Amino acid sequence: MSNELSIKSPCVRNCCLDTNDVCVGCYRTINEIMDWSSMTSEQKNETLEICTNRQRQDDTKKMHF
């Protein structure tokens with residue numbers, strides 16, 4: 001058993017890639033989605049931070065329309 005705490009996938013079951021190959025549900029790239037199960041906790045946390053930033057950028061774009 002791993003000493004690292006399990007970090008839950010951010011998947012919200014709204015899987016659809018946008019024109020930049022980023023999921024519109026969880027904001028991960030297709031590579032981040034495929035690699036999730038083999039990532040370390042540190043990599044998962046970094047990915048979650050990147051996804052949060054992507055979502056903020058997307059929300060900002062939507063506010064300007």
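Just so it is clear, the model here is predicted, and its values are computed rather than measured.
Cluster partners of I30 are L17, M34, counting Ile, Leu, Val, Met, Phe, Trp and Tyr whose side-chain heavy atoms approach within less than 4.5 Å, directly or via other members.
Atom OG1 of T52 and atom OH of Y27 lie 10.5 Å apart (nearest 0.5 Å). One finds the NZ atom of K61 at 6.5 Å from the CD atom of Q57 (value rounded to the nearest 0.5 Å). Interatomic distance, CD of Q55 versus OG1 of T60, reported as 10.5 Å (0.5 Å rounding). To the nearest 0.5 Å, atom CG of residue D35 and atom OG1 of residue T29 are 8.0 Å apart. I33 CD1 to C11 SG: the interatomic distance, rounded to the nearest 0.5 Å, is 7.5 Å. Between the CD1 atom in I50 and the CZ atom in R28 there is a gap of 12.0 Å [rounded to 0.5 Å].
Partners of D18 according to the side-chain hydrogen bond (donor to acceptor under 3.5 Å, both in side chains) rule, which considers only residues two or more places apart in sequence or in another chain, do not exist here.
Scanning all heavy atoms of the two residues, the minimum distance from P10 to C26 falls at O-CB, 3.5 Å.
Under the salt bridge (Lys or Arg N to Asp or Glu O under 4.0 Å) criterion, the residue pairs touching residues 51-60 are E32-R54, D58-K62, with sequence neighbours excluded.
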